[in-house]
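Before any comments, here is the structure.
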Amino acid sequence: MLKRIARRIAAAALVLFALTSGLVVLGIYSLLSFASWAVFDAVPPAYTFALAFIIPPAGIAALAGLGVAAGRSTRILRARRNRRTMAAAAASSWDQAHSRRDAALVAWSRYETDVSLLIEYPLMTDYSDPVIREVIVAMQGIREAERGTNPHKLHAAVDRFEVALRTAENYARRCGQSRLTDAERGKLATARSALNLLLDGGASPTEVEGAYRSLRRSLKGIIDLPAQAAADLDARARDARRLGALRVAG
């Protein structure tokens, strides 16, 4: 509002100045014309009076127009530069948000792939627990933010996920296996021994197969292995069987 009033005042002042300058020049021209008539008996053409009045305001208007055009061009260039700067900042912010997202998801993926961690902290797969479930909810928030165009929302979603994951990890470490029964803790101890044998690399194919079956049987009903962890465990068991077979054959 104030800028609009200021522009109107400036425009009115410019018109008044142009009119005044025209009248001043016309007055001076009239005096010179009168002096020329009095001394030299020479009278300038009538149209020169009109030119004397029109030229100064026209010149001022032209200069003002050039100034306005220059100012507008400057504003346009500044706006373009600002848009480029904002676009570059937004792209950089997206990259940073994606990097943070990737790091956070990698930290979470350990509990979906590392059977040893799952045995140590079985609570991390208990999605019925509100603390653990918050991690899943926060992960869904990241997916929703990625479908938008605002990097700040993605940063906020990653912030929420990081907090939820740290809270869940601390919670799972404090609880450990304390929420399990003695029988369940015994089964996890058996699963730990079987996993160590499976990863040892010195077992025969028969021992590997026995350890694999014992591990899966011990975890049943206590830890529901995520698909990635189950696939990784199967791959490790196949590698252990192959190494054991090569050792026996050699």
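Note that this is a predicted model, so its numbers are computed, not measured.
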Residues in side-chain hydrogen bond (donor to acceptor under 3.5 Å, both in side chains) contact with D129, at least two apart in sequence or another chain: Y171, R179
With salt bridge (Lys or Arg N to Asp or Glu O under 4.0 Å) as the rule and sequence neighbours excluded, what pairs involving residues 136-148 come up? R101-E146
P122 and T125 have their tightest heavy-atom pair at O-OG1, 3.1 Å
Does anything in residues 153-167 pair up under salt bridge (Lys or Arg N to Asp or Glu O under 4.0 Å), and if so which pairs, sequence neighbours excluded? R100-D159, R100-E162, E134-R160
side-chain hydrogen bond (donor to acceptor under 3.5 Å, both in side chains) involving D114 - partner list, sequence neighbours excluded: none
Test of understanding: with ring pair (Phe, Tyr, Trp, His ring centres under 6.0 Å), list the residues that count as partners of H152, not counting sequence neighbours. none
side-chain hydrogen bond (donor to acceptor under 3.5 Å, both in side chains) filter on Y212, not counting sequence neighbours, yields R216, D234
Could you pull out all residues at least two apart from R173 that satisfy salt bridge (Lys or Arg N to Asp or Glu O under 4.0 Å)? none
Is it the case that more than 12 heavy atoms not belonging to D102 sit under 6.0 Å from its CG atom? yes
Pairs in or reaching into residues 201-210: which pass salt bridge (Lys or Arg N to Asp or Glu O under 4.0 Å), with residues at least two apart or in two chains? E209-R213, E209-R241
So do E184 and L188 actually touch side chain to side chain, heavy atoms under 4.5 Å? no
Qualifying residues under side-chain hydrogen bond (donor to acceptor under 3.5 Å, both in side chains), relative to S116, sequence neighbours excluded: R192
A104 and L165 have their tightest heavy-atom pair at O-CD2, 3.8 Å
Which heavy-atom pair separates V135 from A164 by the least distance, and what is that distance? CG2-O, 3.5 Å
Enumerate the residue pairs fulfilling ring-ring contact (aromatic ring centres under 6.0 Å, His included) with a member in residues 102-151, sequence neighbours excluded, ordered by first and then second residue. none
Nearest heavy atoms of I132 and L123, plus distance in Å: CG1-O, 3.4 Å
Mind checking side chain to side chain contact (heavy atoms under 4.5 Å, CB included) for T190 and listing every partner two or more places apart, or none if nothing turns up? S214, S218
With sequence neighbours excluded, residues passing side chain to side chain contact (heavy atoms under 4.5 Å, CB included) with L199: L195, R236
